[in-house]
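Everything below concerns the one structure shown next.
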Amino acid sequence: MDAAKVMTFQCHETSIFDVPKETIYGALHDMRRWPDHLPHVLKIEVLYDDGQYQEFHMTVASEPDTIRVRSIRNCSADAIDFFQPEPPVFLRHHAGRWEFTELPGGRCQVVVTHAWNLEPERAAAVFPPKDGLTTDQQVENMLAGHSRQTLDAWRSALTAVTT
Amino acid sequence: MNIIQTVTVKAPAAEVYAAFADLSRWNEILPDVLDVKVLYFDGYHQEFTMTVERPDGPETIRGVRYCRPHRELELVQTTPPPGFARMRGTWTFREADGATEVTATRDFRLADGHPLPEQEVGDRLTLILKDNLNLFRTAVERG
C-alpha cells in the first residue's frame with residue numbers, strides 16, 4: 001500500500017469469506033447500500049462517484065452521539081484504498097486499504113489495513129496510558145478492533161444474503 | 001474522452017516531479033491560477049482546491065492527488081470544472097540521459113447539456129494541457 005510508506009503505524013486484519021470475490025467486492029464498492037447491510041451505518045451521502053474514485057460522508061451509530069466521517073476512495077480491480085481527509089482529532093493522518101484475493105471454492109480472502117500518524121498530544125489526552133497499555137497501543141487496538149468488527153458485520157450480512 | 005500530451009524537460013525527474021507536486025508553486029508557473037489551497041496532505045494523499053481565471057469568471061475545482069515520487073501523480077477532480085461530469089488523469093515522469101519525459105493524460109466526460117461537442121472540448125483541453133506542460137518546462141529549466 002503506497003500510503004503505508006508515509007505512515008508511522010499500521011495494522012492488518014484478515015478474514016476468509018465463503019462468498020465469491022465479486023460478491024464481497026461489490027458489497028464494499030456500493031456504499032449507497034451499506035445502511036441496508038450494516039446496522040451501525042445509519043446514512044451515506046455520496047459526494048462524488050465515477051466508479052473508480054468515490055467520496056462520501058458516512059454517519060455511524062456510536063456513543064454518546066453518532067459519528068460522521070468523510071472518506072475518499074480509489075477502487076481498483078483487487079483493492080479499495082481509502083483515506084480520511086478530516087480524521088478524528090487524535091490522528092494527524094488516517095488511510096487504509098481493503099484487499100481482495102480470490103480463493104478456490106468460491107471463497108475470498110479480505111485483508112483490511114489501517115495506516116495512520118498520531119496527533120501525539122491529543123492522542124495522549126484521549127487515550128492516556130491505562131492498564132499497562134500505551135497511547136499508541138490503545139489507538140492500534142481500537143483501529144484493529146474496528147477492522148475486525150467491520151469484517152464480522154460484512155460476513156454476517158453476506159451470509160444472510162447468500163444462504 | 002482521453003487526451004494525452006508529452007513534454008521533455010532538461011532536468012532530473014526529482015526536480016521535475018517536485019514542480020508538479022508542489023501546488024504552492026502553481027500560481028507562479030501557470031498565469032491563469034489565482035489561488036491554491038491544500039486541504040490535506042499526508043505525503044501521499046493530497047486534497048486541494050484551485051481557482052483559475054476563465055473568460056466567464058473564476059472557476060474553483062476541488063481535487064485529490066495520489067503522489068508517487070518521482071514517477072507519477074494521479075489526479076481526480078471531485079468537484080470538476082463547470083460543464084464537466086468527470087475530470088481525472090495522471091502525470092508520469094520518466095528520466096533518461098539527464099532529461100525527464102513528462103506525459104500528462106486526462107480522461108473527461110462532459111456534463112449533460114454541455115453546449116459544445118466532446119471532440120471540440122477535447123481539442124481545447126489538449127491545447128491547454130500542452131501549454132501548461134510547456135510552462136512547467138520553462139519554469140523548471142529556468143531554475
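Both backbone and side-chain heavy atoms feed into the values below; hydrogens, waters and symmetry mates do not. Per chain, numbering begins at 1; letters A, B, ... match sequence-line order. No experiment lies behind these values; they were computed from the predicted model shown.
- Counting non-hydrogen atoms of other residues, nucleotides and ligands closer than 6.0 Å to CZ of R33(A) gives a total of 12 or fewer.
- Taking the centre of each ring, Y40(B) and H93(A) come in below the 6.0 Å mark.
- The environment of E121(A) atom CD is sparse: at most 12 non-hydrogen atoms of other residues, nucleotides or ligands sit within 6.0 angstrom.
- Across all non-hydrogen atoms, the minimal contact from Y48(A) to T78(B) is CD1-O, 3.4 Å.
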Carefully, step by step, assess N74(A) and E74(B) under the rule side chain to side chain contact (heavy atoms under 4.5 Å, CB included).
-> CA-CA 10 Å; N74(A) 189 348; E74(B) 178 182 342; 2.9 Å; yes

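- The environment of N2(B) atom CG is dense: over 12 non-hydrogen atoms of other residues, nucleotides or ligands sit within 6.0 angstrom.
- Residue-environment remark: CD (E53(B)) stays at or below the threshold of 12 foreign heavy atoms within 6.0 Å.
- Ring pair F83(A)/Y66(B) is perpendicular by interplanar angle, where above 60° counts as perpendicular and below 30° as parallel.
- When all heavy atoms of V6(A) and D42(B) are compared, the pair lying nearest together is CG2-O, 3.3 Å.
- Neither the backbone nor the side chain of D49(A) comes within contact range of chain B, judged by heavy atoms closer than 4.5 Å.
- Cluster membership for V46(A) and V64(B), using ILVMFWY side-chain heavy atoms within less than 4.5 angstrom, is not shared.
- Only the side chain of R88(B) comes within contact range of chain A, judged by heavy atoms closer than 4.5 Å.
- Few gaps surround CZ on R62(B); more than 12 heavy atoms of other groups in view lie less than 6.0 Å from it.
- Side-chain contact between E47(B) and E86(A) is absent, with no heavy atoms from C-beta onward closer than 4.5 Å.
- K5(A) has its side chain out of reach of R68(B): every pair of non-hydrogen atoms, C-beta onward, lies at least 4.5 Å apart.
- Judged by distance alone, the side chains of Q77(B) and Y53(A) never bring a donor and an acceptor atom under 3.5 Å apart.
- Hydrophobic cluster membership differs between F82(A) and F9(A), with clusters built from Ile, Leu, Val, Met, Phe, Trp and Tyr side chains linked at under 4.5 angstrom.
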